[in-house]
Amino acid sequence: MPNITLPDGSVRKFDASVTGLQLANDIGPGLAKAALMVLVDGVECDLDHEIKQDSNVSLITRSDDLALKLIRHDCAHVMAAAVQELFPETQVTIGPSIENGFYYDFFRKERFSQDDLETIEKRMHELIDRDDKVKREVWNRERAIEHYKGLNEPFKVELVEAIPEGEVLSFYRQGNFLDLCRGPHAPSTRHIGHAFKLMSVAGAYWRGDSSRPMLQRIYGTAWPDEKKLKAYLLMLEEAEKRDHRRLGRELDLFHMQEEAVGSIFWHEKGWTLYREIEAHVRRRLEAGAYREVKTPQLIDKALWEASGHWDKFRENMFTAESEDDRTLALKPMNCPGHVQIYKQGIKSYRDLPLRMAEFGSCHRNEPSGALHGIMRVRAFTQDDAHIFCTDDQITSESIIFCDLLRQIYKDFGFEDIHVKFSDRPEVRAGDDSTWDRAETALRNACDAAGLETTLNPGEGAFYGPKLEFVLRDAIGRDWQCGTLQVDFVLPERLDANYISQDGSKCRPVMLHRAVLGSMERWIGILIEQYSGRFPMWLAPVQGVVTTITGDADTYANIVFEKCKKAGLRIGKDLRNEKINYKIREHSQAKIPAILVVGEREEDQGTVAIRRLGGKTQEILALDEAINKLVQESTPPE
RNA sequence: GCUGCUUUAGCUCAGCUGGUAGAGCAUCUCAUUCGUAAUGAGAGGGUCAGGUGUUCAAGUCACCUAAGCAGCACCA
């Protein structure tokens, strides 16, 4: 005789157990029709799940956020059903919902083509219109394994075998299609709706393991309604327009070519942007009492062996031989170098915390498939620093760092940040008690800094746990940039010491930290964030002086020189072209301000400023205009 | 690295079933001196990613290599 408490607090009493659907009917037929699943004390269940005890229950319809996951998962099932109808020789494996959609991994000798995707999509619409009932069944292991063996579905057999003894094995049947699945699902296929689209097919390793067979993964996107689907597709188009690789070329920022795969040729404008970003971070670091250093590019492999990197990352390190037969490695990171500087002279507890920063250019031989524009390259520069401190200082240093990080992100227009806590990986250096200490210290620091974190299990660095700072850009994409890592291992391995208050020799802790991550990737992110329309202080060219006709050339030159003298990054365009033509060209080059001068401006000693994207102009006295632009070009305080 | 796809002028792309390259924009030249997102005319520009093969004949077909793209794996 369950008492059902609904989200609005009202309670319904039933004489016997009740299904979600019966409950929905009891509330109203409209709800019964719209309901997709039921949430019983926070657990997602099918609509025909029997509720036997007093519970808090809410019925989920397609307008709920939770429904999205369900619709996508259902969509994955329908896709698998469609594929098996069309291509019966295909083996099905797994198909979850993911951010923005779903996928399903198939094993099939022949490749799915783009045309196949269209055929599959068409069949999916038909299956949805068929409105097959979706029914849950519970099987025992032996039956499940026999079933899949009989169908020659070895991947499914493996899945069943991997499910721990004692766990319920549920299957879902819709029409002729049956799939091993935890559920829940909507009661019939029509609930999926038609706001979905198959996007692409690509390879994916079975169980994410590169030593195992490669399956074909079909990706799709699905939404509660057409409008949301369209909005998503539009967002993808927008992302493509913002692509830093396209804008990098269009705005003449950089290029890349075959002879230097994974390295960037920075053009003047891109390098200006780079230097401006570096200068800003440097200002913030100086204010934060960091000491900037520079360490060697090539270091004997002996140091990398001592640090442990050679063991773990040898494959990804570029090496060179010197005439005395030494093997040198291009540094893939800066920490061992920083420890060498730290170790010069005896350090006292009075020297700690010691914040050692470097814009460290590193080389890593990334696998070819990992390269992506300037976001993932083989030669990059970290805004790196290592804080050498005592155990007691970990918390305060972490808090100070988080403040710095938030400030810098804000300077670049990012305010939406979340933090991931990555704990010990399977393969690691240092014993468990050391890891206990490091993880506890970092957790305490998070608490003290008031950071909310999500756990990222097993994703820590091999020498210590880490925080990863993820920011959200203007079109809702997440980028992992900053990091803070606690390291008790490297100081030990490389024998870094300090003399404590009581005269004894102690190990410092190293905090590895970066805000931007890599300069190159950061610039890629900024290009996409701003869509190439950089704020004045970052814009490679802040303004262009241009003329209505050649009569204004002399005055334009005066304006240009004055702007230059005031420190503005200014260009001039005295070509004999129509003003429309020149406005269009500089607008397309995304120059923030166009300073137009003609006869009128010359007579009155003014300039007409037209802002990027604006339709109007602002007429100001020359000095006033320059002051204003200089003001706007000042980096964030 | 793995799977698939792609590679034609600086850029975006066309080139049917093999018969020896084309457009728009950009560039250059000339004319035009014009008030806020394209002035007109003309010219130049390509070992069709590289290589090997099939063929009387290859941008087009096959194979190899490289790079790029998407995803997977990797990411100190």
Side-chain angles (χ1 to χ4, degrees), chain A residues 103 105 111-114 199-219 243 245-246 249-250 252 255-262 304 307-317 331-336 362 364-373 376 378 380 382 384 425 427-429 459-464 466 468 480 483 485 487 489-490 512 514 517-518 521 546-553 574-589 594-601 608-617:
Chain A
Y103 67 77
D105 286 347
R111 301 290 143 196
F112 289 115
S113 67
Q114 210 57 43
M199 304 299 284
S200 60
V201 53
Y205 297 112
W206 168 236
R207 311 208 105 184
D209 184 342
S210 58
S211 67
R212 311 206 59 185
M214 184 158 275
L215 309 169
Q216 297 188 71
R217 175 172 296 177
I218 302 182
Y219 282 94
D243 191 312
R245 293 165 296 188
R246 172 214 278 261
R249 185 183 56 239
E250 287 176 358
D252 193 20
H255 86 271
M256 304 181 84
Q257 65 187 49
E258 245 186 81
E259 291 80 356
V261 171
W304 305 109
S307 71
H309 292 97
W310 189 261
D311 244 14
K312 193 155 169 21
F313 294 110
R314 201 251 159 287
E315 291 297 299
N316 299 307
M317 288 165 74
K331 72 171 169 182
M333 51 167 5
N334 311 298
C335 10
C362 297
R364 295 180 185 175
N365 196 354
E366 303 283 7
S368 56
L371 302 175
H372 177 84
R376 185 92 181 261
R378 291 189 175 139
F380 59 96
Q382 293 177 317
D384 202 6
V427 184
R428 55 182 181 260
E459 295 294 319
F462 76 90
Y463 49 69
K466 60 183 180 185
E468 283 156 343
Q480 185 176 308
T483 183
Q485 311 174 2
D487 182 2
V489 175
L490 255 195
H512 304 240
S518 112
R521 181 156 174 276
T546 191
T547 48
I548 302 288
T549 72
D551 294 342
D553 284 1
L574 307 187
R575 289 175 304 172
N576 172 24
E577 294 289 352
K578 286 177 128 175
I579 191 63
N580 281 316
Y581 181 88
K582 294 196 276 193
I583 294 280
R584 177 180 150 88
E585 207 167 78
H586 300 304
S587 298
Q588 282 182 335
I594 304 175
L595 284 62
V596 180
V597 295
E599 202 179 345
R600 280 208 298 273
E601 286 73 19
I609 304 178
R610 182 190 165 113
R611 305 289 178 157
L612 178 57
K615 295 261 178 267
T616 55
Q617 49 180 337

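In what follows, chains are A, B, ... by sequence order, proteins preceding strands, each numbered from 1. Values in this document were obtained by computation on a predicted structure and should not be read as measured data.
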[X] [atom1] to [N] [atom2]: how many Å, rounded?
X	N	atom1	atom2	answer
A:Ile548	B:C34	CD1	P	10 Å
A:Glu250	B:A37	CD	P	20 Å
A:Asp551	B:C34	CG	P	7 Å
A:Phe380	B:C74	CZ	C1'	13 Å
A:Arg378	B:A76	CZ	C1'	17 Å

Fill in: Residue closer to the 5' end of RNA chain B, A:Gln588 versus A:Glu459 (nearest nucleotide)
A:Gln588
Worksheet, complete the sentence: Closest to the 5' end of RNA chain B, once A:Lys615 and A:Arg575 are matched to their nearest nucleotides, is A:Arg575
Are [X] and [Y] close enough that some pair of their side-chain heavy atoms sits under 4.5 Å apart?
X	Y	answer
A:Asn365	A:Glu315	no
A:Tyr205	A:Arg212	no
A:Arg575	A:Thr546	no
A:Pro332	A:Asn316	no
A:Met199	A:Tyr103	no

Using a heavy-atom cut-off of 4.0 Å across all strands, would you classify [X] as base, sugar-phosphate, or nothing?
X	value
A:Thr549	base
A:Ile583	base
A:Gly208	sugar-phosphate
A:Phe112	nothing
A:Glu468	nothing
A:Glu585	nothing
A:Asn316	base
A:Lys331	nothing
A:Tyr463	sugar-phosphate
A:Glu599	base

[atom1]-based separation of [M] from [N] [nearest Å]:
N	M	atom1	value
B:U32	B:G22	P	33 Å
B:A67	B:G15	C1'	24 Å
B:U65	B:G45	P	36 Å
B:G19	B:C2	C1'	40 Å
B:U27	B:A73	P	45 Å
B:C11	B:G68	P	15 Å
B:U20	B:U8	C1'	14 Å
B:A37	B:G4	C1'	41 Å

Look at the side chain of [X] and the base of [N], then say whether one donor and one acceptor between them are separated by less than 3.5 Å.
X	N	result
A:Asn576	B:U32	yes
A:Gln216	B:G71	no
A:Tyr205	B:G71	no
A:Arg610	B:A37	yes
A:Arg364	B:C74	no

If you compare every side-chain N and O of [X] against the phosphate oxygens of [N] (OP1, OP2), does one of them come in below 4.0 Å?
X	N	result
A:Arg245	B:C69	yes
A:Arg249	B:U12	yes
A:Lys582	B:C34	no
A:Ser200	B:G71	no
A:Tyr581	B:U36	no
A:His372	B:A70	yes
A:Arg584	B:C25	no

Fill in: Crowding at CD, A:Gln480 (>12 non-hydrogen neighbours, <6.0 Å)
yes
Worksheet item: Taking only residues two or more places apart in sequence or in another chain, which ones pass ring pair (Phe, Tyr, Trp, His ring centres under 6.0 Å) with A:His372?
Response: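 A:His244.
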Roughly how far, to the nearest 0.5 Å, is [atom2] of [Y] from [atom1] of [X]?
X	Y	atom1	atom2	value
A:Asn576	A:Lys582	CG	NZ	7.5 Å
A:Thr616	A:Ile609	OG1	CD1	11.0 Å
A:His309	A:Met333	NE2	CE	3.5 Å

Could you work out which one of [options] sits closest to the side chain of [X]?
X	options	result
A:Gln485	B:A76, B:C72, B:U36	B:A76
A:Ser587	B:A37, B:U36, B:U3	B:A37
A:Met214	B:G71, B:A73, B:C34	B:G71
A:Tyr219	B:G71, B:C75, B:A76	B:G71

Worksheet item: With a 4.0 Å cut-off, would you call A:Arg207 and A:Asp209 a salt bridge?
Response: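 Judged by the 4.0 Å cut-off on N to carboxylate O distance, A:Arg207 and A:Asp209 do not form a salt bridge.
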Item to complete: Determine the interplanar angle of the A:His512 and A:Tyr463 rings, folded into 0 to 90°, and report it as parallel if under 30°, tilted if 30 to 60°, perpendicular if over 60°.
Response: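 Parallel.
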For nucleotides 61-66 of chain B, list the nitrogen or oxygen atoms of the protein found under 3.5 Å from its nitrogen or oxygen atoms, one pair per line.
{"from": "B:A66", "atom 1": "O2'", "to": "A:Glu258", "atom 2": "OE1", "distance (Å)": "2.7"}

Worksheet item: Where each pair must be Watson-Crick or G-U wobble with both distances under 3.5 Å, what dot-bracket representation of RNA chain B is obtained, with crossing pairs in [ ] and other-strand partners as |?
Response: (((((((..((((.....[..)))).(((((.......))))).....(((((..]....))))))))))))....
Discussion item. Should A:Phe313 be counted as stacked on B:A76, where stacking needs a ring-centre gap under 5.5 Å and an angle between planes under 30 degrees?
Written reply: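 Per 5.5 Å and 30° rule: yes, stacked.
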